[in-house]
Every structure is written in structure tokens, then in C-alpha cells.
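For reference, the structure discussed in these notes is given below.
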Amino acid sequence: MVTRPLFGDDPLAPRVLSVLRRLGHDGRGVTLTSLVAHTGIPGIRLRATLERLVQTGAIAAAGCDPLASDLAFRLPLRARAAPPVSVAA
């Protein structure tokens, strides 16, 4: 029997989703800079993970911060109701 991880081949996705649930639980978008600081994932790897999560519909692009020109991401409405999941770093 072959089992596949929940988020494909990306082991960083659960950590990113956990941070988004914690910081964006009220519907606000979380900027890329904030995600880098809270996840500890380098920018290039984080961007690839975020791109995959957007393509699968797990998160949505939320525009950008007008003051810093920083991309932001948010959870879809259905995912905001789920409680945050603790993921070891």
C-alpha cells in the first residue's frame, strides 16, 4: 500500500498552514515577511511552498501591503474555522 503525504511532497506546508491559522485566524492576510519570520523558512523555499498551497486551494492570495509592497496570503473561509494545529519546528 502506497501512502501519500497530505500536502504532496512538501514537508513545509503543515508549518506554513499552522502559522497562517495562528496569525490569520480572524481573516486578515499574513504578509510574506511575517511568514518568513514566524516559520523560519528561507524566502525562496517559502515562496515555492506558498505557490503550491495557492494552486491546491489551501490558501488564497490576499493582495499586498501598500506600505511595503509585500505579498500577503490568507486562509479560505472554510479553513479559518479549524483550530490551529501545533507543528514542531
*Where is the tightest heavy-atom contact between A61 and V54, given as atom of each residue plus distance?*
N-CG2, 4.5 Å
*asked:* With rounding to the nearest 0.5 angstrom, report the CZ to CG distance, R74 to D26.
replied: 9.5 Å
*Got a second to check how far L20's CG is from L35's CG, nearest 0.5 Å?*
5.0 Å
*Per the side chain to side chain contact (heavy atoms under 4.5 Å, CB included) rule, which among L50, V30, V16 passes with F73?*
L50
*When you look at T49 and T39, which way does the side-chain contact (heavy atoms from CB on, under 4.5 Å) test go after all the steps?*
CA-CA 12 Å; T49 297; T39 61; over 6 Å; no
*Roughly how far apart are E51 CD and T56 OG1, rounded to 0.5 Å?*
11.0 Å
*Report the distance from atom CG of L17 to atom CG of L12, rounding to the nearest 0.5 Å.*
11.0 Å
*Distance in Å, L53 CG paired with I59 CD1, rounded so as to fall on 0.5 Å steps*: 5.0 Å
*Work out which heavy atom in P76 is nearest to a heavy atom in A58; give both atom names and the distance.*
CD-O, 3.0 Å
*With sequence neighbours excluded, what pairs up with V36 under the side-chain contact (heavy atoms from CB on, under 4.5 Å) test?*
L46
